[in-house]
Novice: 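The structure follows.
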Amino acid sequence: MLFLAAILVYFGAYDIAADAPHARPVYALLDSLRDRSIVVRARGIVPPADLNAASRVSTGAGLYDEMCTSCHLGPGVERSELSQGLYPQAPELAKAQDMTAAEQFWIIKHGVKLSAMPAWGKTHSDELMWDMVAFLRRLPGMTPAQYQQLVATAPGDHDEMMKEMPHNKEPGHHH
């Protein structure tokens with residue numbers, strides 16, 4: 001069996017192009033692998049007590065609008081060229097999600113291999129990632145007007161929020 005797998009890999013028999021969907025069994029396996037991995041790794045992560053604070057939601061809205069809408073869209077946000085070219089498609093986070101806050105945090109912090117979801121923990125503090133989670137918990141069911149209002153009232157811009165990060169205090173660093 002291992003020899004057969006090695007031959008398939010060597011000859012490039014499996015098409016990994018983003019515009020060629022996985023075979024159903026492969027997709028089901030990868031889907032289950034991703035879901036179980038997230039659940040297991042998010043165990044023990046405890047959300048901050050102030051996760052529902054309006055300031056967290058507002059900051060998270062600004063971060064989400066700048067960093068996430070091109071893939072995950074938002075209420076009233078049109079599909080982008082980037083979102084249309086992704087495989088697997090990024091979940092539209094304005095639709096109901098069945099993840100816990102800890103699972104959402106883990107995904108934001110560590111990313112997901114083979115999905116175009118980056119590991120924001122390399123560049124963002126846990127506090128900012130929890131702000132994004134706070135916003136994500138409110139996003140489903142939000143109207144386009146509510147979304148735009150929240151984004152408009154977000155404190156500062158992304159660069160302003162990022163200047164507090166220790167690695168961004170180096171001279172000449174730009175995000």
Side-chain angles (χ1 to χ4, degrees), residues 16-22 24 26-28 30-39 41-42 45 47-48 51-162 165 175:
I16 62 151
D19 58 357
H22 290 299
R24 267 186 216 264
V26 172
Y27 191 85
L30 292 173
D31 207 30
S32 295
L33 175 65
R34 180 199 65 230
D35 291 348
R36 290 300 307 150
S37 180
I38 292 166
V39 167
R41 282 160 183 79
I45 296 175
L51 187 62
N52 293 321
S55 60
R56 280 199 179 276
V57 175
S58 180
T59 299
L63 291 167
Y64 183 88
D65 189 61
E66 290 190 31
M67 298 165 46
C68 308
T69 56
S70 60
C71 294
H72 295 288
L73 312 177
V77 175
E78 297 291 323
R79 294 182 58 77
S80 66
E81 291 176 352
L82 180 61
S83 72
Q84 293 177 53
L86 291 175
Y87 185 82
Q89 288 286 299
E92 290 186 38
L93 299 177
K95 296 180 179 176
Q97 302 293 314
D98 61 353
M99 293 188 167
T100 66
E103 291 166 352
Q104 290 172 322
F105 175 83
W106 189 90
I107 291 169
I108 294 167
K109 183 168 185 160
H110 299 286
V112 179
K113 290 177 183 172
L114 302 174
S115 74
M117 177 62 197
W120 293 114
K122 292 184 177 273
T123 56
H124 291 70
S125 69
D126 283 3
E127 285 299 307
L128 289 176
M129 288 181 284
W130 279 118
D131 291 345
M132 285 191 267
V133 171
F135 173 73
L136 289 176
R137 308 299 292 166
R138 300 259 182 99
L139 184 59
M142 196 177 285
T143 66
Q146 291 168 324
Y147 175 75
Q148 289 304 321
Q149 174 64 27
L150 202 48
V151 167
T153 61
D157 66 7
H158 193 199
D159 290 336
E160 191 175 313
M161 289 182 256
M162 292 299 295
M165 292 291 295
H175 182 75

Novice: OG1 of Thr123 to CE of Met67: how many Å apart, nearest 0.5 Å?
Specialist: 6.0 Å
Novice: Rounded to the nearest 0.5 Å, what separation is found between the CH2 atom of Trp120 and the OG atom of Ser125?
Specialist: 13.5 Å
Novice: Ser37: which residues meet the side-chain contact (heavy atoms from CB on, under 4.5 Å) condition with it, sequence neighbours left out?
Specialist: Arg41
Novice: Compare every heavy atom of Ala42 with every heavy atom of Trp106, then report the nearest pair and how far apart it is.
Specialist: CB-CB, 4.2 Å
Novice: Check whether Thr153 reaches the backbone of Ser58 with its side chain - one donor and one acceptor, N or O, closer than 3.5 Å.
Specialist: no
Novice: Provide the closest heavy-atom pair for Ile107 versus Met117 in the form atom of the first, atom of the second, distance.
Specialist: O-CE, 3.9 Å
Novice: Tell me which donor-acceptor pairs under 3.5 Å the side chains of residues 88-96 have, and how far apart each pair is, sequence neighbours excluded?
Specialist:
unit_1 : atom_1 : unit_2 : atom_2 : d
Gln89  : OE1    : Arg79  : NH2    : 2.6
Gln89  : NE2    : Ser83  : O      : 3.2
Gln89  : NE2    : Leu86  : O      : 2.6

Novice: Measure the NZ-CG distance between Lys109 and Leu128 for me, rounded to the nearest 0.5 Å.
Specialist: 12.0 Å
Novice: Donor-acceptor pair, Tyr64 side chain versus Val151 backbone, under 3.5 Å?
Specialist: no
Novice: Using a 6.0 Å cut-off, check whether atom CD of Glu78 has over 12 heavy atoms from anything other than its own residue.
Specialist: no
Novice: Taking the side chain as C-beta and beyond, is there a heavy-atom pair between Leu51 and Phe105 under 4.5 Å?
Specialist: no
Novice: Distance-only criterion, 3.5 Å: show the donor-acceptor pairs between side-chain atoms of residues 130-144 and protein atoms not counting sequence neighbours.
Specialist:
unit_1 : atom_1 : unit_2 : atom_2 : d
Asp131 : OD1    : Arg56  : NH1    : 2.7
Arg137 : NH1    : Met99  : O      : 2.8
Arg137 : NH1    : Gln104 : OE1    : 2.9
Arg138 : NH2    : Asn52  : O      : 2.9
Thr143 : OG1    : Gln146 : N      : 3.0
Thr143 : OG1    : Gln146 : OE1    : 3.3

